[in-house]
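Here's the structure we're looking at; comments come further down.
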Amino acid sequence: MNRIILFFIVATLVISSCKKNTEQKPPNIIVILSDDQGWGDLSYTGNTNISTPNIDKIAETGVFFDRFYVCPVCSPTRAEFLTGRYHVRGGVYSTSAGGERLDLDETTIADVFRNAGYKTAAYGKWHNGMQAPYHPNARGFEDFYGFCSGHWGNYYSPMLEHNGEIVKGDGFIIDDLTNHGLQFIEQNRNNPFFLYLPFNTPHAPMQVPDSWWQKFKNKELGMKHHDQDKEEIMFTKSALAMCENIDWNVGRIVQKLDELDLSENTIVIYFSDNGPNSWRWNDGMKGRKGSTDEGGVRSPFFIKWPDKIEGGKKITTIASAIDLLPTLTDLAGIKYQTKKPLDGLSLKRLLTEENPKWNDRFIFNHWGKRTSVRNQKYRLDNDDKLFDMENDPGQDTNISDNQPKITQQLIAAKEKWEKEILTELPEEDPRAFTIAHPDFIWTQIPARDGTAHGNIQRSNRYPNCTFFTNWMSTTDSITWDAEVLADGKFDVTIYYTCPASDVGSTFQLSFGNEKLISKIEEAHDPPLTGMEHDLIPRWESYVKEFKPLNIGTIELKKGKGTLTLKALEMPGSQVMDFRLLMLRKI
């Protein structure tokens, strides 16, 4: 009798185990987004100047969308990927000073996957808001390491953040971000995970380890921009070297999946956020980063999922970053409800079916008061010129006079889009910079988001990684249009530099009736850095190693107002150079 019972117990366990093994686990998701890499910056798309075998292999073993569209610049593309909606709907209109923030009533792809039980992480360049609740930790990502600004001034062990707290990077930034991604994959090998790797190269400053640069330093480029007078060869070489470094890191990610036996059930996506950041080979397309023409918005796009998607397929149907949220949730079998309707479509049928029925559609590209519209065959540019993109991919011949009916159809579609969607973007941004979210310990208040008064100047006209300098008077000040979200006490740290000859300034931080007074009592005068790593001269700000100084505790009351930093006494010729305020909730 005992043997019979034992037999049934063993049999039950075996059946249960077999059933469990045959059940399909939810697929892991890895999305890799490069920054300023053009459609042509890959060997897979035909550029013989460069070798990108690891990215190419994703295309070879997966699916290549040959006509995939993003936005002309960084933050709008990120917003469209995150929400499945056009960026103007989400309040994104700029790349800095608050205009990059994604509205709080938008549902993100990370919200959706986290609610479905996935572990979520983002490592890299966020560029859709810094202060909570705009911060990635408040938008569905449980773990974040990187920076929230649009670009960074140093790629070697720079000042970064980990879940809001300031930390120092470890080595070249793309290698460092990848290391965090590898660790996340390892830690969550037994859980479904959603990993977002928004790399920040080949965006300037043009910096890459010497091991990658040496190949290109004296290399003769065989493929160049069709208007060679426009091309800066050294810029091109440095961008290509940075792309090969990305490729190496992509290889590390894929290798880790293989080592952990996760490859078969992991969806891997690779694409870029806009066209190339210089005039270089891009298969003759018109435009580059910042343009709404084809060359400014066409991105390489590869997706592989060995368990479900047949590899080696090239899809010429037009698609867009707005399609990724509905596509990935559809592939993963996740039902979701977003607060607002999506603009994107699920591409699942294109990926999994042979010759599915697919209606033609319009994809809109907008930036800086310029709008173009693309359907499968044509592009109508910002000036309402029509181009046959199948026979004239370089947009050389305006055929609007020859195709008046089609031209009017696309003009009507563009006008409808601008009337119904573009108008969702307010003429003036009503959003203040948020402080003291009740669910978060840290609030970063950088120079980037401040307004200088008097003599104070930015270290560069591009705000993202700037600091304030030339603070020469007690009548000078720095202000932030701020909103304190909840009452609380906060420990305040300021990041500064000051030469020995100017030590002694007393300064005040105030909000409403609350004031905090402190004094610069220790010299810290490091040199500007960054140029020692630059392959070509930069246009972004150089950086410094700013010193943290705890200046005390301030009690803030909920409400809107002006956060002000000003000097009370200045014994020397200047107060300080200012980079950042950090508030830690007590």
Side-chain angles (χ1 to χ4, degrees), residues 28-37 54-55 74-75 77-79 81-82 100 102 108-111 113-114 118-130 132 134-152 154-189 191-203 207 242 245-257 260 262 266-273 324 328 442 444 464-465:
N28 306 308
I29 313 285
I30 299 177
V31 178
I32 306 167
L33 177 63
S34 61
D35 192 3
D36 287 1
Q37 182 178 29
N54 296 300
I55 300 171
C74 314
S75 50
T77 293
R78 286 160 168 74
F81 154 66
L82 288 170
E100 78 285 1
L102 180 62
T108 74
I109 193 169
D111 291 327
F113 276 90
R114 187 176 182 182
Y118 277 65
K119 297 295 184 180
T120 59
Y123 304 126
K125 167 180 167 176
W126 172 245
H127 207 186
N128 281 129
M130 176 175 284
Y134 298 97
H135 190 276
N137 287 143
R139 308 311 296 261
F141 290 103
E142 296 166 289
D143 197 35
F144 174 71
Y145 175 83
F147 61 95
C148 290
S149 295
H151 61 254
W152 221 227
N154 176 32
Y155 290 171
Y156 291 87
S157 301
M159 179 173 71
L160 298 173
E161 67 151 287
H162 186 203
N163 297 332
E165 185 175 5
I166 297 298
V167 296
K168 187 175 180 63
D170 183 13
F172 186 65
I173 190 167
I174 304 303
D175 304 347
D176 188 17
L177 298 174
T178 302
N179 288 340
H180 279 76
L182 297 176
Q183 185 179 25
F184 175 80
I185 293 169
E186 184 85 44
Q187 291 172 343
N188 294 282
R189 59 192 300 178
N191 304 306
F193 61 78
F194 184 96
L195 173 60
Y196 176 36
L197 290 169
F199 292 151
N200 59 294
T201 58
H203 193 298
Q207 299 180 352
M242 296 163 91
N245 169 264
I246 293 174
D247 182 77
W248 176 71
N249 280 294
V250 169
R252 296 170 65 205
I253 295 163
V254 173
Q255 182 181 0
K256 175 61 70 173
L257 294 174
L260 300 177
L262 296 175
T266 299
I267 299 171
V268 178
I269 284 176
Y270 186 90
F271 72 114
S272 179
D273 63 354
L324 294 185
L328 289 173
W442 300 98
Q444 296 183 57
N464 277 301
C465 61

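Note that this is a predicted model, so its numbers are computed, not measured.
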Find the distance between [atom1] ([X]) and [atom2] ([Y]) and round it off to the nearest 0.5 Å.
| X | Y | atom1 | atom2 | value |
| --- | --- | --- | --- | --- |
| Asn188 | Leu260 | CG | CG | 11.0 Å |
| Gln207 | Phe172 | CD | CZ | 7.5 Å |
| Ile29 | Phe194 | CD1 | CZ | 6.5 Å |
| Ile269 | Phe81 | CD1 | CZ | 7.5 Å |
| Ser149 | Met130 | OG | CE | 4.0 Å |
| His180 | His162 | NE2 | NE2 | 6.0 Å |

Could you go through the side-chain contact (heavy atoms from CB on, under 4.5 Å) check for Asn128 and Trp126 one step at a time?
-> CA-CA 6 Å; Asn128 281 129; Trp126 172 245; 3.8 Å; yes
Would one find more than 12 heavy atoms of other residues, nucleotides or ligands at under 6.0 Å from atom CG of Asp170?
-> no
Dump the intermediate steps for side-chain contact (heavy atoms from CB on, under 4.5 Å) on Val268 and Ile253, then the final yes or no.
-> CA-CA 10 Å; Val268 178; Ile253 295 163; 5.9 Å; no
Non-neighbouring partners of Ala121 that pass side-chain contact (heavy atoms from CB on, under 4.5 Å), sequence neighbours left out | Tyr123, Asp143, Phe184, Leu195
Residues in side-chain contact (heavy atoms from CB on, under 4.5 Å) contact with Trp442, at least two apart in sequence or another chain =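 Trp442 satisfies side-chain contact (heavy atoms from CB on, under 4.5 Å) with Glu165, Met582, Arg584 once adjacent residues are dropped.
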Considering all heavy atoms of both residues, which atom of [X] and which atom of [Y] are nearest to each other, and what is their separation?
| X | Y | result |
| --- | --- | --- |
| Cys74 | Lys125 | SG-NZ, 3.3 Å |
| Tyr155 | Trp152 | CE2-O, 3.6 Å |
| Gln37 | Ser272 | O-OG, 2.6 Å |
| Thr77 | Asp273 | OG1-O, 2.7 Å |
| Gly181 | Leu197 | CA-CD2, 4.4 Å |
| Arg139 | Ala110 | O-CB, 3.5 Å |

Are [X] and [Y] packed together at the side-chain level, in the sense that at least one heavy-atom pair is separated by less than 4.5 angstrom?
| X | Y | answer |
| --- | --- | --- |
| Tyr118 | Asn191 | no |
| Leu33 | Phe199 | no |
| Ser34 | Tyr270 | yes |
| Arg78 | Tyr196 | yes |
| Leu257 | Ile30 | yes |
| Pro158 | Ile173 | yes |
| Lys119 | Glu142 | yes |

Can you name the side chain to side chain donor-acceptor pair (under 3.5 Å) partners of [X], sequence neighbours left out?
| X | value |
| --- | --- |
| Ser75 | none |
| Glu186 | Arg189, Lys256 |
| Thr201 | none |

What I want to check is whether the side chains of [X] and [Y] have a donor and an acceptor closer together than 3.5 Å.
| X | Y | value |
| --- | --- | --- |
| Asn54 | Arg252 | no |
| Thr266 | Asn28 | yes |
| Asp36 | Asn200 | no |
| Asp175 | Thr178 | no |

side-chain contact (heavy atoms from CB on, under 4.5 Å) evaluation trace for Phe147 with Gln444 | CA-CA 11 Å; Phe147 61 95; Gln444 296 183 57; over 6 Å; no
Under the salt bridge (charged side-chain N to carboxylate O under 4.0 Å, His left out) rule, collect the residues that match up with Glu161, sequence neighbours excluded.
-> none
Can you tell me if [X] uses its side chain to pair, donor with acceptor, with the backbone of [Y] under 3.5 Å?
| X | Y | result |
| --- | --- | --- |
| Asn464 | Gly150 | yes |
| Asp111 | Thr108 | yes |
| Asn245 | Asn249 | no |

Could you please spell out the steps behind the ring pair (Phe, Tyr, Trp, His ring centres under 6.0 Å) verdict for His135 and Phe144?
-> CA-CA 9 Å; His135 190 276; Phe144 174 71; 5.6 Å; yes
Check the pair Thr120, Phe193 against side-chain contact (heavy atoms from CB on, under 4.5 Å), reporting the backbone distance first and the verdict last.
-> CA-CA 6 Å; Thr120 59; Phe193 61 78; over 6 Å; no
